[in-house]
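Here is the structure we will look at.
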Amino acid sequence: MRAAVIGAAGYAGGELLRLVLQHPEVDECIATSRSQAGVPVSEIHPGLATVTDARFAGLTPGEAAKGRDIVFLALEHGESSRVMGEILDQGPGLVVDLAADFRLQDGQLYAQHYGVHPAPDLVHLFRYALADVIGCDLRGARGLAAPGCFATAAQLALFPLRTLPLATPPSIFAVTGSTGAGVTPRSTTHHPARAHNLFAYGVMSHRHEAEVLEQWRGWIGQGEGGPRLMVHAGPFVRGIALTLHARLGSPDDGSVAQAFRDAYATKPMVRLLDSPPHLTHAIGTNLALISHAVSPDRTEIQVMVAIDNLIKGAGGQAIQALNLALGFPESTGLMTSSPYPS
Ligand SMILES: NC(=O)c1ccc[n+]([C@@H]2O[C@H](COP(=O)([O-])OP(=O)(O)OC[C@H]3O[C@@H](n4cnc5c(N)ncnc54)[C@H](OP(=O)(O)O)[C@@H]3O)[C@@H](O)[C@H]2O)c1
């Protein structure tokens with residue numbers, strides 16, 4: 001297959017490009033960047049020195065999409081909406097967007113969290129691509145909206161809970177590393193502000209909450225309410241560590257453990273653990289590491305998740321969804337080993 005990665009000089013685009021270049025079904029890939037056009041890819045992404053000697057192309061998104069079987073976009077928010085028309089005009093077989101532009105089908109939820117949608121007529125062309133949950137139902141999709149990084153970790157914690165009686169909506173506490181904020185340094189993301197620090201942001205309205213709410217409401221068949229996502233910036237480079245807490249409506253009779261087994265026992269890219277996952281064990285992989293615990297009186301549940309925000313939370317999940325959409329084995333190109341300790 002012939003692929004293009006648009007916005008390949010960013011953090012998510014770089015990790016995506018690493019995986020695309022090593023995917024066995026991809027014969028050729030071009031990587032575009034406005035700011036790095038003509039620069040060797042390995043100068044911006046040193047880890048790719050062993051797999052490519054190509055340079056970033058300064059093509060427009062439409063030019064990059066011409067003759068491509070797959071087009072990935074890893075652009076800053078709003079850019080995908082702006083350029084999607086010229087990409088679709090080229091008729092690529094599959095478009096995978098890593099941004100938030102096409103994740104929400106509910107226009108009201110979108111407006112509440114992001115404002116006016118710049119390309120509302122294109123939203124219906126995209127399937128929300130939470131790969132570990134939706135699985136083979138993604139087969140045949142022509143447009144995939146890869147979930148956000150916090151949203152991925154949160155929904156993987158939530159999904160087994162949809163069948164359980166809950167007394168209150170779950171509360172979710174999560175911490176991300178600095179790559180979650182992208183390649184451009186800001187006052188809250190550069191090293192002195194992050195290295196020995198931890199702080200909450202997006203309080204009571206983090207944008208990823210919108211997609212979590214949309215999916216949760218669909219799973220439980222209710223139009224309102226849902227989990228609260230409390231996100232934090234942590235003093236590490238990559239990864240998301242998340243803990244969910246919920247009260248059960250009736251004491252657990254073994255249904256909780258069964259719900260986790262039912263949700264994930266056959267999923268190749270989820271590992272159910274007996275003890276809380278470590279972030280460093282997820283880094284560099286497309287795995288979601290998940291454990292859960294029930295309180296001694298069996299009325300409370302806690303779920304712990306660790307993922308790599310740039311792989312499971314971005315490029316890796318995008319490839320997993322592509323595999324499912326095109327009928328390849330789900331983990332194709334994603335079972336590489338990673339360095340440890342990282
Ligand atoms: N970081 C994460 O953990 C993460 C996880 C999941 C999803 N995402 C999503 O992935 C997207 C990228 O995030 P990021 O963290 O990688 O941001 P980033 O590091 O700031 O990279 C964004 C890239 O987009 C490029 N770009 C923007 N407009 C372009 C255009 N019209 N044509 C070509 N390239 C363009 C920019 O590169 P040039 O200026 O060189 O073109 C930049 O390198 C965002 O929508 C984000 O929400 C990120």
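Whatever order the structure lists them in is the order used to number ligands and atoms, beginning at 1. Heavy atoms only: backbone and side chains are in, while hydrogens, waters and symmetry mates are out. Numbers here simply count residues along the sequence, with the first being 1.
When the options W219, Y128, W216 are evaluated for a side chain to side chain donor-acceptor pair (under 3.5 Å) with Q155, the one that passes is Y128.
Taking the six-membered ring for Trp and the full ring otherwise, the centers of Y114 and H77 sit less than 6.0 Å from each other. Taking the six-membered ring for Trp, H232 and Y201 have ring centres at least 6.0 Å apart.
Polar contact check, A100 against ligand 1: no nitrogen or oxygen pair lies under 3.5 Å apart. Some N or O of L75 is nearer than 3.5 Å to an N or O of ligand 1, by distance alone. Checking only distances, E76 does come within under 3.5 Å of ligand 1, N or O to N or O. Residue contacts with ligand 1: E79 is placed with a nitrogen or oxygen under 3.5 Å of a nitrogen or oxygen of the ligand (distance criterion only). For T179, a nitrogen or oxygen atom sits less than 3.5 Å from a nitrogen or oxygen atom of ligand 1, counting backbone and side chain alike.
Counted within 6.0 Å of CG on D53, heavy atoms from surrounding residues, nucleotides or ligands total 12 or fewer; the atom is thus considered open.
Nearest protein neighbour of atom 23 (C) of ligand 1, counting heavy atoms only, is A74 O, 3.6 Å. Looking from atom 9 (C) of ligand 1 to the surrounding protein, the closest heavy atom is L98 O, 3.4 Å. Scanning the protein heavy atoms around atom 41 (O) of ligand 1, the nearest turns out to be R34 N, 2.7 Å. The protein non-hydrogen atom at the shortest distance from atom 43 (O) of ligand 1 is G10 N, 3.1 Å. For atom 3 (O) of ligand 1, the closest non-hydrogen atom of the protein is N309 ND2, 2.8 Å. G182 CA, 3.3 Å is the protein heavy atom nearest to atom 15 (O) of ligand 1. The protein heavy atom nearest to atom 19 (O) of ligand 1 is V183 N, 2.8 Å.
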For this session: Go through N286 and Q317 one step at a time and tell me if the side chain to side chain donor-acceptor pair (under 3.5 Å) criterion holds.
Result: CA-CA 7 Å; N286 189 51; Q317 180 165 221; over 6 Å; no
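Among D101, L310, I6, the residue whose heavy atom lies nearest to atom 2 (C) of ligand 1 is L310. Of the options G313, A37, A12, the smallest heavy-atom separation from atom 16 (O) of ligand 1 is shown by A12.
A side-chain N or O of E330 and one of Q320 form a donor-acceptor pair less than 3.5 Å apart. With no hydrogens or angles considered, no side-chain donor-acceptor pair links S331 and N323 at under 3.5 Å.
A salt bridge between K66 and E63 is absent, with no side-chain N of the basic residue lying under 4.0 Å from a carboxylate O of the acidic one.
Listed by number with element, the atoms of ligand 1 under 4.0 Å from a non-hydrogen atom of Y11 are 16 (O), 19 (O). Within the listing of ligand 1, atoms 43 (O) sit less than 4.0 angstrom from a heavy atom of A9. Using a 4.0 Å cut-off to heavy atoms of R82, the atoms of ligand 1 that qualify are 31 (N). Of all the atoms in ligand 1, the ones that sit under 4.0 Å from a non-hydrogen atom of A99 are 45 (O). Less than 4.0 angstrom separates some heavy atom of G7 from each of these atoms of ligand 1: 25 (C), 34 (N).
Here the side chains of L59 and I30 are in contact, with some heavy-atom distance below 4.5 Å.
Under the 30°/60° scheme for interplanar angles, the aromatic rings of F328 and H23 are found to be tilted.
Considering every non-hydrogen atom in both I283 and R238, the closest pair reads CD1-O, 3.4 Å.
Taking the centre and axis of the six-membered ring of F159, the NZ or CZ atom of R162 falls inside the cone set by 45° and 6.0 Å.
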